[in-house]
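The next block holds one structure in the form of structure tokens; read it before the comments.
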Amino acid sequence: MERFTLITGASSGMGALCAKHFSGSHRLIMASENLEMLQDVLKECDHPENHILWHCNFATERENIVQSLTDLLKQHDAVVDQYVHFAGLTKLLPLKTFSIPNIDLIFNVNFFSILEIMKALLKKSNAKALSNVVLISALVSERGNVGNSIYAASKGAMNSLVYTLARELAPKIRINALLPGAIETPMSKNLDADYIAEMTKDTPLGWGQPQDVINYVEFLLSDKAKWITGQTLFVDGGRSTK
Ligand SMILES: NC(=O)c1ccc[n+]([C@@H]2O[C@H](COP(=O)([O-])OP(=O)(O)OC[C@H]3O[C@@H](n4cnc5c(N)ncnc54)[C@H](OP(=O)(O)O)[C@@H]3O)[C@@H](O)[C@H]2O)c1
């Protein structure tokens, strides 16, 4: 059986860069809901023939995630030994304007999809292979920010998962989360101008680049981090000092 690194959110921003970065050294399962964008990223990867695309909408297909991933692994005679979760969705709105469908959408993509993916990866057929999980959380899960309550809560739930699963899954599987601050990607470019200005003012080292996060992912996936688990780590250009 071939071993793969699963990267969700691989169609855009940090996840796309991560896929390209690892494509020469890892076999990848690249996941997203937008097949066309995934195919474009695959074209820019090294050895495109080595990688598998997983087309799945985590917002609307939550109940199908376990089956869909299990079928994909079976079809390709594949196991996942490393899992990096970049898939994420934000809406910058005051709490009173959120409807239940909005809340479900954000929680499905940012949190519940992780539970379903982990359930698939912990099945007997894959569990022996899985050794490392990195989840991409956000600084706002630990520091307040007006208009970001549902997104922040979904990432806070992710952090709690890291603390508990680190104990539940040790010593075989390490799990950590990165909490980025302001990183230049399509997601942050769509935020409102005042919010962008505030983030700029609050970040001593200025805006981060996707590669700043990928470098940290690479470290956590490596043996250099073999004694690190259950951590929620800021990568934020100093913004968390406020
Ligand atoms: N950029 C920042 O400043 C920042 C700061 C802190 C944390 N983060 C976190 O970092 C991660 C990556 O963000 P980014 O800035 O690179 O954002 P991005 O460019 O918007 O990428 C988000 C990714 O999530 C995927 N996704 C969204 N909805 C999905 C769904 N329903 N089903 C499956 N996949 C879905 C997207 O796939 P599709 O294209 O298929 O929709 C895309 O690949 C996110 O979890 C974000 O919360 C970002």
Side-chain angles (χ1 to χ4, degrees), residues 6-21 28-42 53-65 68-69 83-92 101-114 116-117 133-143 145 148 150-159 161-162 177-192 195-196 198-200 202-203 205-214 216-217 232-237 239-240:
L6 168 61
I7 301 177
T8 68
S11 61
S12 173
M14 291 186 245
L17 186 73
C18 188
K20 289 182 231 169
H21 183 86
L28 306 176
I29 297 175
M30 298 158 58
S32 119
E33 50 146 347
N34 189 325
L35 189 56
E36 228 171 279
M37 283 172 73
L38 261 188
Q39 284 165 337
D40 287 344
V41 175
L42 181 65
L53 302 185
W54 179 30
H55 180 217
C56 187
N57 186 332
F58 296 157
T60 57
E61 297 175 56
R62 177 178 154 193
E63 276 142 39
N64 192 36
I65 290 175
S68 167
L69 181 54
Y83 161 36
V84 189
H85 191 87
F86 282 96
L89 202 58
T90 188
K91 275 194 198 301
L92 206 54
N102 279 156
I103 296 170
D104 285 350
L105 188 74
I106 291 176
F107 264 84
N108 278 349
V109 178
N110 294 2
F111 178 66
F112 288 117
S113 63
I114 299 170
E116 299 304 315
I117 289 170
V133 179
V134 179
L135 306 178
I136 308 304
S137 178
L139 171 67
V140 295
S141 64
E142 294 279 336
R143 301 286 188 277
N145 225 334
N148 233 344
I150 306 302
Y151 175 74
S154 70
K155 297 292 192 179
M158 184 192 277
N159 299 348
L161 195 67
V162 165
L178 290 180
L179 281 59
I183 309 288
E184 278 185 41
T185 71
M187 179 185 275
S188 51
K189 275 180 195 143
N190 290 332
L191 296 171
D192 108 356
Y195 188 75
I196 289 181
E198 192 188 318
M199 285 208 282
T200 306
D202 277 353
T203 307
L205 297 185
W207 279 67
Q209 294 303 312
Q211 189 64 45
D212 296 318
V213 176
I214 310 309
Y216 218 151
V217 171
T232 51
L233 304 153
F234 294 120
V235 47
D236 66 353
R239 191 158 150 235
S240 53

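In each ligand, atom 1 is the first atom listed, and ligand 1 is the first ligand listed.
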Minimal non-hydrogen separation, [X] against [Y], with atom names:
X	Y	result
Asn110	Ala87	OD1-O, 4.2 Å
Met14	Thr185	CG-CG2, 4.0 Å
Arg62	Glu116	O-CG, 3.7 Å
Leu179	Asp236	O-CB, 4.4 Å
Ser11	Val41	O-CG2, 3.7 Å
Pro180	Ser137	CD-O, 3.3 Å

Quick one: nearest non-hydrogen protein atom to [atom], plus distance?
atom	result
atom 6 (C) of ligand 1	Pro180 O, 3.3 Å
atom 44 (C) of ligand 1	Phe86 O, 3.1 Å
atom 41 (O) of ligand 1	Glu33 OE2, 2.8 Å
atom 37 (O) of ligand 1	Ser11 OG, 3.1 Å
atom 23 (C) of ligand 1	Gly9 CA, 3.7 Å
atom 16 (O) of ligand 1	Met14 N, 2.8 Å
atom 46 (C) of ligand 1	Tyr151 OH, 3.5 Å
atom 5 (C) of ligand 1	Gly181 O, 3.0 Å

May I ask you to list the atoms of ligand 1 that are less than 4.0 angstrom from any heavy atom of [X]?
X	result
Pro186	19 (O)
Ile136	9 (C), 10 (O), 11 (C), 45 (O)
Gly13	16 (O), 19 (O)
Cys56	32 (N), 33 (C)
Ala59	31 (N)

For [atom], which of [options] has the closest heavy atom?
atom	options	answer
atom 7 (C) of ligand 1	Pro210, Ser137, Ser154	Ser137
atom 19 (O) of ligand 1	Ala138, Ala31, Ser12	Ser12
atom 3 (O) of ligand 1	Thr185, Ile183, Ile65	Ile183
atom 30 (C) of ligand 1	Leu89, Val235, Asn57	Asn57
atom 45 (O) of ligand 1	Met158, Lys155, Met187	Lys155

Can you tell me if [X] uses its side chain to pair, donor with acceptor, with the backbone of [Y] under 3.5 Å?
X	Y	value
Thr8	Phe86	yes
Ser188	Ile183	yes
Asn108	Ser113	no

Verify the distance criterion only: is there a donor paired with an acceptor across the side chains of Asn145 and Tyr151 at less than 3.5 Å?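 Tyr151 and Asn145 do not have a side-chain donor-acceptor pair below 3.5 Å.
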
Side-chain donor-acceptor pair under 3.5 Å between Thr232 and Asn159, yes or no?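 Judged by distance alone, the side chains do not pair up.
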
Phe58 vs His85 aromatic rings, parallel, tilted or perpendicular, using cut-offs 30° and 60°?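 Taking His85 first and then Phe58, their aromatic rings lie parallel (interplane angle under 30°).
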
Any N/O pair [X]/ligand 1 closer than 3.5 Å:
X	result
Ala182	no
Phe58	yes
Gly88	yes

Answer with yes or no whether Ser113 contacts ligand 1, where contact means a heavy atom under 4.0 Å from a ligand atom.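 Distance cut 4.0 Å: Ser113 fails for ligand 1.
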
Report yes or no: does a heavy atom of Thr90 sit under 4.0 Å from some atom of ligand 1?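 No.
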
Tell me every residue that passes salt bridge (Lys or Arg N to Asp or Glu O under 4.0 Å) with Asp212, counting only those two or more places apart in sequence or in another chain.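 Once residues adjacent in sequence are excluded, Asp212 has no partner under the salt bridge (Lys or Arg N to Asp or Glu O under 4.0 Å) criterion.
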
Let me see the working for Trp54 and Ile65 under side-chain contact (heavy atoms from CB on, under 4.5 Å), right down to the final yes or no. CA-CA 10 Å; Trp54 179 30; Ile65 290 175; 3.9 Å; yes

Heavy atom under 4.0 Å from ligand 1: found in Val109's side chain, backbone, both, or neither?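 The answer is the side chain of Val109.
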
